[in-house]
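Here is the structure we will look at.
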Amino acid sequence: MQRGILLFLCVLNTSTVSGCELFGRFDMPSLFKEGDIMIGGIFPILFKQILSTSTFDKEFDLRIYRWTQAMIFAIEEINNDPALLPNISLGYRILNSCASPTNALRAALTLASGAEEAKATSHCPPAISALIAESGSSQSIAVAGILGPFHMPIISYFSTCACLSDRTKYPTFFRTIPSDYFQAKALAALVKHFGWQWIGAIQSDNDYGRNGILAFKEEVEKFGVCVAFVASVLRTYTRDEFLEVVEIIKQSSVKVILAFSVDGDFYPLMQEIVNHNITGIQWISCVAWITSSRTSTPEMYRSFGGTVGFVMQKMAIPKLKPFLTSINPYTDPNAPFVRDFWEIMVGCTPVLPGVHAVTDDTKKRCTGNETLMNSEDDFFNVTQLRVTYNVYKAVYAIAHALHQLVFCQPVGAQTVNPCLNLTDIQPKEVSKILQRVNFTNQFGDEVFFDENGDPPASYDVINWQLINGKVQHVTLGHLSFAANGDYKLSIEDEKIVWRTGKTVPTSVCSNVCPVGTRKAQIQGKPICCFDCVPCADGTIANSTGAADCTPCPKEYWSNDRKDECIPRTIEFLKYHEPMGIALTLVSLLGASLSLATMVVFINYRETPVIKASNFELSSLLLFSLFLCFLCPLTFLGRPTVWTCMLRHTAFGVTFALCISCVLGKTIVVVTAFKATFPGNKIAGKFGHAQQRIIICSCTLIQIVICILWLTLNPPYSHMLFTYSNKMIVLECNTGSQAAFYAVLGYIGILAIICLILAFMARKLPDNFNEAKLITFSMLIFCAVWITFVPAYISSPGKFTVAVEIFAILSSAFGLLICIFGPKCYIIFLKPEKNTKKHVLHQAGVFLCEVCMFSLCLHGFPPGTPASSHHPKTCSL
C-alpha cells in the first residue's frame, strides 16, 4: 500500500529543470501563506446539505470557519512571539474537506504533494512539517491512514473515535480532544446518575457514530441499562431514510435518547422531529453537536429543549475577537471562503475588483462601507471557545515541537541557537518530539499527550436553556478522569431545565419494582423489561428495584409486606399462658394432695388400715409422688441448659423412686400371701431392711443411667424452626435419644414387674390387700406411658412438653388415687372397717380359705367327714 501511495505522490508532483511542475491537480481552494516552516490544515468549511431525494447543496459553516481563523491567528501570534521559534516564520495552507472522507483524502494528498499555487518560475515552498486535521473521525481515519506511513504528525481538534488511539495503525496521530473511550464512560456515568434504564440511541453511520455507540453500550450494560434501539443517520441520507428513524422514535416507549452524531448528520433528523412535533423526549448529546450554532436555535428548542451532554472545557481567547472582526473581503479579494462569510455576516454581496461574480438580482450589493466591529453575532463571542481552543492548542503544540527540534532545547531557554537546518526537518522527527511535548500555555492550561496521543480527559456538563429568546449552553457540572480511569462527576441537579420541566424524566421499560418484590426477567425481552414478583416467605426486598430477594437470618422471618425481617416468635410453654397456668395448678394440686395424704397417714398411723399398708413404704411413696407432682414445674418456662438437664433427670429419678416404692409394697403383699402357706418362712426373710435395699438399689440404677446421660450427651436448649415459619420452638433436646428412652424403659420395666407381682396377690383380703389397687394403678401407669410415646413424637412445638407433663401428672394421680384413695375412704367414710375386730375377721376368713386351699392341694386327713371339706366348716 505504501508503494502505491508513494508512486501516486510521485506522479502527482513531478520536478522539472525550471522548478516544480504539477502533473495533475485537484483544484481545491485553500487559505495559504508561505513561511519558513509550513503547517497544513483540513477543515470541513463547506458541507453537503440535502435539498431533495436526489440533489445536494454546499452550505457554509461559520463555526468551522472560525476554527480556520483560530489556526491562522495562532500562527500569526507565534510569528510575533520572540521566545517561540525566533527568526523563523510559520506558514500555513488550509483546505476544505466538505466533511467527506474522500475529499479529506484528496486534501491530504494535495498538502503532501506541495503547493498548487507555486508557479513554474518560482521556487518550491517548503513541504508541510505537520498537519492539523480533521473534525470528523472518518475523515481523520482516512488522512491518518494515508499519511501515517510517511510519519507525518497529525493533530486532530475534533476527532474522538477511540479507534484512533491505536498506535499500531495510527502511529503519528495526536489530538487535543479526549477520546470517545472517555466520552462513552462519561455518557454512561450521566445515564447512571439520573437512573435512566431504557434509552434509545442514534448514531452517525460512520466510524465515529458506530464506534461511539458500541463503546457506550458496553459501558451502560455494566449498570444494567438497556438500549432499546440504535438508528443511523448521515447527511447524505434521503428524506425517506430520516422519516424511518422518526417512526422508530414514535413507536418506541423510550423517553431518553442519546444522539451520538456530528451536527451535519443529525441536523436533518432534528428538522423532521420538529416538523412532526415530537416532544417529551429527553435528549442526550455527545460533544459533536450540543454547542453547534446551527442546532442551537429556538426552533429546535421546541423538541430539543433541556438537552444535556458533555463538552470540552471552555476557554476565552480575548485577542481573537479583533482578529475576527478584521476579516474583510476587500483586503484580499482572491481569498477563498471570505466572500461567503461576508454575505452571511453582513447580508450583502461584496463587489470586488477583478473578481467575476455571478450576478443575482435577489441579493443586495454591498456599498463597501460595511464593518464587523459592532457585530453581536455569536461568531465573535470568544469567551466560551471549545473546539476553537482545541485548534489553538494544536498549533502551539506543533510550534513547541518544532522549537525543540530546531533549537534542541525547550521554549524559554536563555541561549537560542539553531542546531538544525530548516531544510533538514523531517516529519518523523517532529512526531517523536511531539510525543514528548509538555508545556503550560498562557492560559495556565497544561498541554501534553499520553502514550496513545490523547490529551487528559475532562468534560463540562451543559444544559440547553432558553434565556431571553436564545438557546444558551449553561454549564452545570464537571467530570474529570484520574490516571487510573476512575472518574468524578459533579452536577447541580436542581439547576437543570428538563424537557419535562424541573422534574428529572424517567425512562424505563418496566416500572421499578416496589419493596417486597423482585425482578423476574421476561423471556425474549431485554434485561430492563421485567415483571415484579413478590418475594417468597422468609425473604425480603427492602429497596426498590431489587434483582433478588434477600433471605432473612435464621432467627427472623419476613413480614407481610416482605420488606423487613422481623424476629420470629419464640414459643415455649410459659407459666402465664392458659395451658401453663392449668398445668401448674394441677401440679400444685397433686403435690398438695400428696402432702395432705401424708399428714393423714401420720395422724392415723396407729390404725389397722395404715399399719396393714406399711406406713414406712407408704410415706416414702407419698414423698416420691410429691416430687413427681413438682417435677412438671421444671418443664414450664424458657428452656435453658440447666433446666433441660434438671427436668429429664428429675423426672427419671423421682419416678424410679416412686415405682421402686410401689414395687416394695407389691413384694410385701406377695410375701404375705406366700407366708400363709404352711412351712413358708419367706416373710421372715423380707423385713424393712430388705425393702429399703430394693428401693435404694432400683433407684440407684436410674441415678447411674442419668449420670451417664449428663456426662456423655446431656440435654440442651435447642431452637426448632420446622414447625412454623413465623415461630421458633424453643425446646429441650434430649441430647441422647438412647439415654432418654433408657430412662423411660427402666421405669417401664419396674412398672411391668409391679403389675405382674400385684396380679399374683390380687385375692388377699380387701382391708389390707393392696394388690388389686396396685394392679389397677399399674394398668393406668402403663397405659399412660404406652400412649405417651407416639403422642410425644407427633406433638408439635410446646405441645410436646404439655404431653410429657400430662403423662407425668396422669400417672402420678393414678398412683395417688388408686393406692391411697381407698384407704382415705375407709379412714374418713367407713371408720367401722378401720377396727381390729373387722380386720381380724377378714384375716380369719382368708386363713380359712388358705387352709382349705392347702388341704385340697395336699389332701385331707383320714376320717374327715366330706361335709368338712367346704371352707365354711373351718373356724378360728
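The first residue in the sequence is number 1, and the count goes up from there. Note: hydrogens, waters and symmetry copies are ignored here, and every other heavy atom, side chains too, is used.
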Exercise. Quick one: list whatever passes ring-ring contact (aromatic ring centres under 6.0 Å, His included) with Phe629, sequence neighbours left out.
Key: Phe813
Quiz item: Arg647 side chain to Phe635 main-chain N or O, any donor-acceptor pair under 3.5 Å?
Solution: yes
Quiz item: Can you pull the disulfide bond (SG atoms under 2.5 Å apart) pairs that have at least one residue in residues 572-668, sequence neighbours excluded?
Solution: Cys644-Cys732
Quiz item: So, does Gln521 use its side chain to make a donor-acceptor pair with the main chain of Lys525 at under 3.5 Å?
Solution: yes
Quiz item: Quick one: ring pair (Phe, Tyr, Trp, His ring centres under 6.0 Å) pairs with a partner in residues 519-549, sequence neighbours left out?
Solution: none
Self-check item: Backbone N/O of Cys535 and side chain of Thr539: donor-acceptor pair under 3.5 Å
Solution: no
Self-check item: Donor-acceptor pair, side chain of Glu577 and main chain of Lys574, under 3.5 angstrom
Solution: yes
Self-check item: Residues Glu219 and Lys222 bridged, charged N to O under 4.0 Å
Solution: yes
Quiz item: Hey, is the main chain of Tyr741 close enough, under 3.5 Å, to the side chain of Tyr746 for a donor-acceptor pair?
Solution: no
Quiz item: For Asp537, does the CG atom sit with more than 12 other heavy atoms under 6.0 Å from it, leaving out its own atoms?
Solution: yes
Quiz item: If we ignore angles and hydrogens, is there a donor and acceptor under 3.5 Å between the side chains of Thr640 and Thr643?
Solution: yes
Self-check item: Side chain Asn713, main chain Gly735, donor-acceptor under 3.5 Å
Solution: yes
Practice problem: Kindly compute the distance separating CH2 (Trp198) from CD1 (Ile527), expressed to the nearest 0.5 Å. | Solution: 11.5 Å
Quiz prompt | Side chains of Tyr825 and Phe820 in contact at under 4.5 Å (non-hydrogen atoms) | solution = no
Practice problem: Determine the interplanar angle of the Phe651 and Phe655 rings, folded into 0 to 90°, and report it as parallel if under 30°, tilted if 30 to 60°, perpendicular if over 60°. | Solution: tilted
Quiz item: For Lys519 and Asp548, what are the C-alpha separation, side-chain angles and deciding distance, and is it a salt bridge (Lys or Arg N to Asp or Glu O under 4.0 Å)?
Solution: CA-CA 7 Å; Lys519 296 178 182 178; Asp548 291 299; over 6 Å; no
Quiz item: Does Phe799 CZ have over 12 foreign heavy atoms under 6.0 Å away?
Solution: no
Quiz prompt | Partners passing salt bridge (charged side-chain N to carboxylate O under 4.0 Å, His left out) against Lys726 (at least two apart in sequence or in another chain) | solution = Asp560
Quiz item: Does atom CZ of Phe615 have more than 12 heavy-atom neighbours, drawn from other residues, nucleotides or ligands, at distances under 6.0 Å?
Solution: yes
Practice problem: Any pair with a residue in residues 727-756 that passes salt bridge (Lys or Arg N to Asp or Glu O under 4.0 Å), sequence neighbours left out, goes on the list, sorted by first then second residue, please. | Solution: none
Quiz item: Rounded to the nearest 0.5 Å, what separation is found between the CD1 atom of Ile695 and the CG atom of Leu663?
Solution: 8.5 Å
Quiz item: Is there a donor-acceptor pair closer than 3.5 Å between any side-chain N or O of Asp486 and the backbone N or O of Ala482?
Solution: no
Quiz prompt | Atom CZ of Phe776 with >12 non-hydrogen neighbours under 6.0 angstrom | solution = no
Self-check item: Exercise: do Gln702 and Thr699 side chains pair donor with acceptor under 3.5 Å
Solution: no
Quiz item: Going by the salt bridge (Lys or Arg N to Asp or Glu O under 4.0 Å) test, which pairs reach into residues 695-713, not counting sequence neighbours?
Solution: none
